[in-house]
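Below is one structure; the comments refer to it alone.
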Amino acid sequence: MQNDFGKGGSRSGYAKPTQNFSGPAAAVSGSPSQVRNQRHPNQGHSNYHSNNSPNSDGRWAGVQTRNFSAPTVYSGPSDKSQGPLGTIKGHGGGPQSNLRSLKSLRAVEQYYHTLQQMKWGPMTEHVLDNLRCKIDVFQANQVLKLLHDHNIALGFFHWLKRQPGFKHDGHTYTTMIGILGQAKQFGTMRKLLDEMSLVNCKPTVVTYNRIIHAYGRANFLREAVQVFEEMEGAGYEPDRVTYCTLIDIHAKSGYLEVAMDLYGRMQEVGLSPDTFTYSAMVNCLGKGGQLAAAYKLFCEMIENGCTPNLVTYNIIIALQAKARNYDNVVKLYRDMQIAGFRPDKITYSIVMEVLGHCGHLDEAEAVFLEMRRDWAPDEPVYGLLVDLWGKAGNVDKALGWYHAMLQDGLQPNVPTCNSLLSAFLKLNRFQDAYSVLQNMLAQGLVPSLQTYTLLLSCCTDAHASMGLCCQLMAITGHPAHMFLLYLPDAEPGGENVRDHARYFLDMMHSEDRESKRGIMDAVIDFLHKSGLKEEAGFIWEVAAQKNVYPDSVREKSSSYWLINLHLMSEGTAVTALSRTLAWFHRQMLLMGSCPERIDIVTGWGRRSRVTGSSLVRQSIEKLLHLFQFPLFAARGNTGCFVGCGEPLSQWLHNPYVERMHLL
DNA sequence: TTAGGGTTAG
């Protein structure tokens, strides 16, 4: 079989450009210069305000008397004007100790600035050797916390070890382990953990928590759980943070039930949830599609006397916004301010996104200006405007905001470039798309899985321009391209295709679930529409086994199944439904068990903009009609097809159920 | 002595 990737030897379709790409992207027009030219009122000023500064819990002093619907009264800090050392707490307690803490701060500052300025090497050690003020282990830990580059941090950590009279303690070890974990340097991290016992510095629950978190965020759930068990085996009591971390990582990987179970276990051992845990749970439930349960828990949290913080409000507001419950959004937004929290960049972003999706782009821009009074915009906020305008089809505006970001001294990041790329692709402006991609590479930005996904989706949608899309896909150099190029023709049983897909998904292990779902959706849709339906089917099976689609098939109650296709594109939905029905068919032959009822939920489909005009729904309906699926007339939801009882069981016996996806 | 970990946006 051949596809447009030149599978089977002929790769001329993508190796040689058929069009001569040259020059930068189109000139900027419609650039929002009026926005760019407005300076942030706090930029360049010091940040010592006697009032309007945050309390320790992030709330603002004097809030009850202040009118928060008029942000003009506010002259609080910009997060940009806060130095990296601003987070270090003083020691408190009189002028003597103030002086001491000032000296301590200066030492930390010196070391931090030295380390920040250079890469790790002999020269760094030389400079450190010559620093006049020595630091103790407490200060060393403060410096480590400020370092984000794991190489520099580790170099410094080892250098400290060699200093006469210096000895690392549990804090510095734990901080270093945390930095390594964040950088996914698991080998070195484990080595350091072993070393702790050797130097008589026993790890604490905090040390274990950081390791569990590191594995979990990189999607190594098995390892995370192993460390948890290891920790319990060594006699450590897991605390709230341990549970909160485990809950969060399981929910994020699509194991919501495990997360709920852990939530219960935590309470059984006598740990009541705190604000962090509640926030994580509300987020998990909401993202898992259980919005009502999420909101109920949010209310329960308040009833139990646990105060939501800014993050909790942002989470619940974002969830309500996504569900388009705009009345609730407004109410919660107000509640948040009454509770004394000022919106931060994330809150503003949520509001801007809502406005953008409702088509009020100009109002979103107005909110940007409002936000700018309190906060210095960052890449994600600019990126959001690039994305919103791009999605609205106004690429000039998108490009304008992209340039505004550059003029603000910010470096473009991959997601923002993706938004711009997507905007050009939408309009079939391939030459501009090419420029964006080349620009990314020239700046050392590595195209992400999302970059490749949007190129592949474009390739599927724009048949006429498939050659051009393939060139762009090749340029990314992403492993996904190799996966498609070397996809073998399916052998009987398809084990070779399954192995190929498993290998790819293992390689993508640490990508988040949404991204994995995105690429698998694009791949399956592409293959299905290119006529490689058998391959598409095998790949779907692997994706399902690997929990990429945790909510697509579930048993709602005994013998009552739900097949949820509403997040899939057309080809994937057809493939997923066919393969799931085939699975029921096989289960029936094997075990004699048959579902009493199956609900097939299409929603309006991922690509549909107009309610009722879903391609997914249409294709599924066509497929079901063609194979004479015994449709039961369900009331209300026209995006849902239902089969049940004896007719369903008889229909599932048909041998053709095994081959539906090939049609 | 001081301190350390977990939750949100693209």
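Naming: A, B, ... by sequence-line order, numbering from 1 per chain. Please read all numbers here as calculations on a predicted model, not as lab measurements.
- Remark: K287(A) is not in phosphate contact with dT7(B), judged by side-chain N or O atoms under 4.0 Å from OP1 or OP2.
- Here the CG-OH distance, from L146(A) to Y111(A), works out to 14.5 Å after rounding to the nearest 0.5 Å.
- Using a 4.0 Å heavy-atom cutoff across all strands shown, Q450(A) reaches no nucleic acid atom at all.
- Residues Y313(A) and Y333(A) keep their aromatic ring centres 6.0 Å or farther apart.
- No engagement by I350(A) is indicated, since no non-hydrogen atom pair under 4.0 Å with the nucleic acid exists.
- Considering only side-chain N and O atoms, R217(A) lies under 4.0 angstrom from the phosphate OP1 or OP2 of dT7(B).
- A donor and an acceptor atom never sit less than 3.5 Å apart when one is taken from the side chain of T245(A) and the other from the base of dG6(B).
- Residues F157(A) and Y173(A) place their aromatic rings such that the two centres sit under 6.0 Å apart.
- One can place CD1 of I247(A) at 13 Å from P of dT8(B), the figure rounded to the nearest angstrom.
- Phosphate proximity of dG10(B) to K345(A): absent, as no side-chain N or O sits under 4.0 Å from OP1 or OP2.
- One atom, CG of L144(A), and another, P of dT2(B), lie 19 Å apart when rounded to the nearest Å.
- The stretch residues 263-285 of chain A touches DNA chain B through D274(A), F276(A), T277(A), S279(A), N283(A), each having a heavy atom within less than 4.0 Å of the strand.
- The side chain of T174(A) has dG4(B) as its nearest neighbour among dT2(B), dT8(B), dG4(B).
- Checking dG10(B), dT8(B), dT7(B) against every side-chain atom of N309(A), the shortest atom distance belongs to dT7(B).
- Between H171(A) and dT2(B), a side-chain N or O to OP1/OP2 separation shorter than 4.0 Å is absent.
- Donor-acceptor pairing under 3.5 Å is lacking for the side chains of W375(A) and E370(A).
- The OH-P distance, from Y313(A) to dT7(B), rounds to 21 Å in whole Å.
- Distances were taken from every side-chain heavy atom of T204(A) (C-beta onward) to each of dG4(B), dA3(B), dT8(B); the shortest belongs to dG4(B).
- Aromatic rings of Y382(A) and Y402(A) (six-membered ring for Trp) have centroids beyond the 6.0 Å cut-off, not under it.
- Heavy atoms of D512(A) sit nowhere under 4.0 angstrom from any nucleic acid atom.
- Across the protein-nucleic acid pair, K391(A) atom NZ and dA9(B) atom C1' stand 13 Å apart, rounded to whole Å.
- Side-chain proximity of V311(A) to the nucleotides dT8(B), dG10(B), dA9(B) is greatest for dT8(B).
- Remark: P of dG10(B) and CG of L388(A) are 10 Å apart, rounded to the nearest angstrom.
- Within the nucleic acid shown, K322(A) has no heavy atom closer than 4.0 Å to any nucleic acid atom.
- Looking at heavy-atom distances under 4.0 Å, G170(A) makes contact with a base.
- In this structure, N141(A) reaches the bases: a heavy-atom distance under 4.0 Å links it to at least one base atom across the strands shown.
- Residues M196(A) and P203(A) are in side-chain contact: their nearest non-hydrogen atoms beyond the backbone lie under 4.5 Å apart.
- Among pairs with a residue in residues 228-241 of chain A, those fulfilling side chain to side chain donor-acceptor pair (under 3.5 Å) read R190(A)-E230(A), N209(A)-D239(A), D239(A)-T242(A), R240(A)-S272(A), at least two apart in sequence or across chains.
- As a whole-Å value, the separation of E353(A) CD from dA9(B) C1' is 7 Å.
- Distance CG (L297(A)) to P (dT7(B)): 17 Å, rounded to an integer number of Å.
- Put simply, CG on D378(A) is 13 Å from C1' on dT8(B), counting in whole angstrom units.
- At a threshold of 4.0 angstrom between heavy atoms, the contacts of V205(A) include nucleobase atoms, whether or not backbone atoms are also involved.
- Between S422(A) and S419(A), the side chains place no donor N or O within less than 3.5 Å of an acceptor N or O (distance only, hydrogens not considered).
- V381(A) has its side chain within reach of F368(A): a pair of non-hydrogen atoms, C-beta onward, lies under 4.5 Å apart.
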